[in-house]
Peer 1: 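Structure in structure tokens, see below.
Convention: sequence-line order gives letters A, B, ...; per-chain numbering from 1.
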2 protein chains.
Amino acid sequence: MPSSGLEREGGRVGIREVAEAAGVSTTTVSHALSGRGKVSAATADRVRTVAELLGYEPNRLASALRNRRSGVLGFVSDEIATTPFAGRIVLGAQEAASSAGMTLMVVNTGRDPVVEARQIEVLRAQQVDALLYATMFHRITPAPRGFASGPVVMVNSSDPDGRSASIVPDERRIGREATALLLEAGHRRIVHLTIDEAVPAVEGRSAGHREAMVGAGLEPVVVAVEGPGDAAAGRRAMVRALAAHPDLTAVFVFNDPMSMGVYQDAFHRGRSVPGDLSVVSVDDLELISAQLLPGLTTFELPHYEMGSWAVEQAVNLIGEPGRAASSVSARCRLVRRGSVARPRD
Amino acid sequence: MPSSGLEREGGRVGIREVAEAAGVSTTTVSHALSGRGKVSAATADRVRTVAELLGYEPNRLASALRNRRSGVLGFVSDEIATTPFAGRIVLGAQEAASSAGMTLMVVNTGRDPVVEARQIEVLRAQQVDALLYATMFHRITPAPRGFASGPVVMVNSSDPDGRSASIVPDERRIGREATALLLEAGHRRIVHLTIDEAVPAVEGRSAGHREAMVGAGLEPVVVAVEGPGDAAAGRRAMVRALAAHPDLTAVFVFNDPMSMGVYQDAFHRGRSVPGDLSVVSVDDLELISAQLLPGLTTFELPHYEMGSWAVEQAVNLIGEPGRAASSVSARCRLVRRGSVARPRD
DNA sequence: CTGAAAGCGCTAACAT
DNA sequence: ATGTTAGCGCTTTCAG
């Protein structure tokens, strides 16, 4: 920050210039600045002052080359532009990396295996110390091939054979807790609106729902429509649900876009949320959940936390080859807005 | 990709191992692989084959150190987690960088000047060749201080004194074209719904709207409510607009979240979109625009294009100190969905 | 057309 | 406590 005017006396100032100006060797400068070797407090101080005065800034490339450690984490994501999910993961990763003195190098694969391979190669060439492999939707997918130079941790996806560290949302728990919320509000005629894809998010939430219903002595009813899980799917699901169960009072919806469709259907029928229909959802896409009227009560997917956990994990694993790779399910926070109430009857 | 099994004969394979295996010097390998020096076709071929066989991968850090060019672009964004905008900019930047053989190092400032300064320092220490400075909302803001080692290009924001290269959306044109669209559909009683913030997006769109209205011999009417520009603001604006102009047939809305509020208001009044009310908007946040019923006709903000343009610009500027920094306004594409129709009367 | 050698900026044995 | 020195892996004069 201080612009002493002394900076850059005819060229970039490196450790050598500092050494010269302080009247010591480069070794001493290195030691003084890193605090590693033994340097007298006096010289250390002088070196630091001189360095600051000269506006010295270490060249991390040079030290990376020497240390065989770049201080850079490779972040590969399958998709970055469609939802704010990617941003939340990146942000979490970003901030954790920053606290660990590391930086993120971000690449995107667009879910193309060829691009993925090429991008991982780029990251490897940049000597990244670890690889974060993030997917925007919870999936089970093999860990990326071709990165052997350090730990790999998967974010929002997991390895079929659980060999890589990974963190995913606890889907089943979401299902249980969402249903419990409705149950506690006094609902009995609850239906779960979802899509029929064989992915962990669908299966987990559904399983959790069934579990909670059965636990309450109720018959679970699940309406699964063809995906993708958007507002149109939500409308279709609602139509089918009401056809079969005209007296339902609450729905647990797979995700926020579908919930938006549920609201649309309710409006068209002149039924009010939450007066005539309570809804709990999953995602907390604020663009939807906070803008809907009434606000949507929904479980936040823990993208930020998954990103930061993954970085912490990766950082701990760097340099410890055989460390146990832990796989974690993250609990999801409920964001209460206005879409759940006691049933009328 | 080929796993010959010969790779890593007891350690990382570098240019030296390749040289040895091919029976030439490291110089020749370097020349052969980069195509720069003069090497006979035969040796060049042999070197390439051997390199591939050994699974050789250049260490970009080493070459960066030597070349004083890292091949890395610093990407600093003010906010990355709330909208998909950031993702689109990053994606555009990402892909352009990739085609130019460069990589992106992403940092986030959370709009905190202290964090910003620190992050830029980190980027500088990583020897990034250029800096991209992106904001998620179009603003006028001074170019970042403290980066003198290469070009800076601003994305979605511009320098008050226009010294840095920058690209922003052509807001005024959006205003003109949106209004023209409504005019062409036959509307006359049009109101512009916006917020009262002194930012280029608000002012530009509004100016364009007035221009188009005046050009059509109509009196422009603008309803600006207090921000932020969310669904609630859209509802408030709609209430005020209808109070003053009960017979309006179309609205040009500042952004998609506000348009969502406009839809909500219309539903509550039992008026249909686009039957009773046409709406044109700006953003193309697909989470909203494609999920509303009917789909929202809206101008897409050119985030992807801005990201890629910025990278191309930066790449061209690297190594050309005194090059002219161009500032550009990007035209925005209209995405037609179902929210505009001819007026009833 | 090919190779020897210097050096990018930093760190860490190994002296002193 | 401080300095000498040898590299990290690559590129590039400059000689041959």
Peer 1: Mind calculating the distance between NE2 (His31(A)) and P (dT16(C)) to the nearest angstrom?
Peer 2: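 His31(A) atom NE2 is separated from dT16(C) atom P by 17 Å.
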Peer 1: So if I take every side-chain heavy atom of Ala62(B) and compare against dT11(C), dG3(D), dG9(D), which nucleotide ends up nearest?
Peer 2: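 Of all the options, the side chain of Ala62(B) is nearest to dG9(D).
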Peer 1: Which nucleotide, dC10(C), dG9(D), dA5(C), lies nearest any side-chain atom of Tyr56(A)?
Peer 2: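 Ranking dC10(C), dG9(D), dA5(C) by closest atom to the Tyr56(A) side chain puts dC10(C) first.
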Peer 1: Of the nucleotides dT12(D), dG9(C), dC10(D), which has the atom closest to the Ser30(B) side chain?
Peer 2: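 The answer is dT12(D), which lies nearest to the side chain.
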Peer 1: Considering every strand and a 4.0 Å limit on heavy-atom distances, what is the contact class for Thr27(B): base, sugar-phosphate, or nothing?
Peer 2: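 Base, at least one base atom sits under 4.0 Å.
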Peer 1: Please state how far atom CG in Asn59(B) lies from atom C1' in dC10(D), giving the value in whole angstrom units.
Peer 2: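 Going from CG in Asn59(B) over to C1' in dC10(D) covers 8 Å.
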Peer 1: Kindly point out which of dG3(C), dC10(C), dC8(C) is positioned nearest to the side chain of Arg68(B)?
Peer 2: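 Minimum distance to the Arg68(B) side chain belongs to dC8(C).
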Peer 1: To the side chain of Val24(A), which of dG3(D), dT11(C), dC8(C) is closest?
Peer 2: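 Of the candidates, dG3(D) comes closest.
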Peer 1: Between Ser25(A) and dG3(D), is there a side-chain N or O to OP1/OP2 distance below 4.0 Å?
Peer 2: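 The answer is yes; a side-chain N or O of Ser25(A) sits under 4.0 Å from OP1 or OP2.
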Peer 1: Which part of the nucleic acid, if any, lies within contact of Ser34(B), taking any heavy atom under 4.0 Å across all strands shown: a base, the sugar-phosphate backbone alone, or nothing?
Peer 2: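 If one applies the 4.0 Å heavy-atom cut-off, Ser34(B) turns out to touch nothing in the nucleic acid.
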Peer 1: Considering every strand and a 4.0 Å limit on heavy-atom distances, what is the contact class for Arg60(A): base, sugar-phosphate, or nothing?
Peer 2: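 Answer is nothing: Arg60(A) stays at 4.0 Å or more from every strand.
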Peer 1: Measure from CZ on Arg69(A) to C1' on dG9(C) and round the result to the nearest Å.
Peer 2: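 It works out to 19 Å between those atoms.
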Peer 1: Can you tell me if the side-chain N/O atoms of Thr28(B) get under 4.0 Å from OP1 or OP2 in dT2(C)?
Peer 2: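 No, because none of the side-chain N or O atoms of Thr28(B) sits under 4.0 Å from OP1 or OP2 of dT2(C).
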Peer 1: Counting the atoms with a prime plus P, OP1 and OP2 as sugar-phosphate, which does Ser40(B) contact under 4.0 Å by heavy atoms, base, sugar-phosphate, or nothing?
Peer 2: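 Since only primed, P, OP1 and OP2 atoms lie under 4.0 Å of Ser40(B), the category is sugar-phosphate.
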Peer 1: Apply side chain to side chain donor-acceptor pair (under 3.5 Å) to residues Thr82(B) and Glu79(B) and explain how you reach the verdict.
Peer 2: CA-CA 7 Å; Thr82(B) 41; Glu79(B) 189 184 307; 2.3 Å; yes
Peer 1: Apply side chain to side chain contact (heavy atoms under 4.5 Å, CB included) to the pair Tyr56(B) and Leu33(B), showing each step before the final yes or no.
Peer 2: CA-CA 11 Å; Tyr56(B) 167 70; Leu33(B) 261 28; 3.6 Å; yes
Peer 1: So which heavy atom on Val90(B) is nearest to which on Leu104(B), and how close?
Peer 2: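 Answer, listing the atom of Val90(B) first, then Leu104(B): O-CD2, 4.0 Å.
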Peer 1: Start at the 5' end of DNA chain C and walk down; is the nucleotide closest to Leu65(B) or to Ala41(B) reached first?
Peer 2: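 Its nearest nucleotide lies further toward 5', so the answer is Ala41(B).
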Peer 1: For Asn67(B) and dG9(D), what is the distance between atoms CG and P respectively, to the nearest whole Å?
Peer 2: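 From Asn67(B) CG to dG9(D) P: 16 Å.
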Peer 1: Does OP1 or OP2 of dT12(D) have a side-chain N or O of Arg36(B) closer than 4.0 Å?
Peer 2: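 For dT12(D), OP1 or OP2 has a side-chain N or O of Arg36(B) closer than 4.0 Å.
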Peer 1: Say whether Gln126(B) and Thr103(A), considering side chains only, have a donor N or O and an acceptor N or O under 3.5 Å apart.
Peer 2: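 Result is yes, a qualifying pair exists.
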Peer 1: Would you say the side-chain atoms of Glu116(B) and Tyr133(B) include a donor-acceptor pair closer than 3.5 Å?
Peer 2: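 Yes - a donor-acceptor pair under 3.5 Å links their side chains.
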Peer 1: Quick one: is Thr43(B) getting a side-chain N or O under 4.0 Å of the dT2(C) phosphate, OP1 or OP2?
Peer 2: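 Checking dT2(C) against Thr43(B), a side-chain N or O does come within under 4.0 Å of OP1 or OP2.
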Peer 1: Between dT2(D), dC10(C), dC10(D), which nucleotide gets closest to the side-chain atoms of Val39(A)?
Peer 2: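 Nearest to the side-chain atoms of Val39(A), counting from C-beta on, is dT2(D).
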Peer 1: Take atom CD of Glu17(A) and atom C1' of dC8(C), then tell me their distance rounded to the nearest Å.
Peer 2: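 The distance from CD of Glu17(A) to C1' of dC8(C) comes to 13 Å, rounded to the nearest Å.
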Peer 1: Quickly work out the Leu33(A) CG to dG9(C) P distance and round it to whole Å.
Peer 2: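 About 16 Å, once rounded to whole Å.
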Peer 1: Whole angstroms only, please: what is the CG-C1' distance between Asp45(A) and dT2(D)?
Peer 2: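 About 17 Å, once rounded to whole Å.
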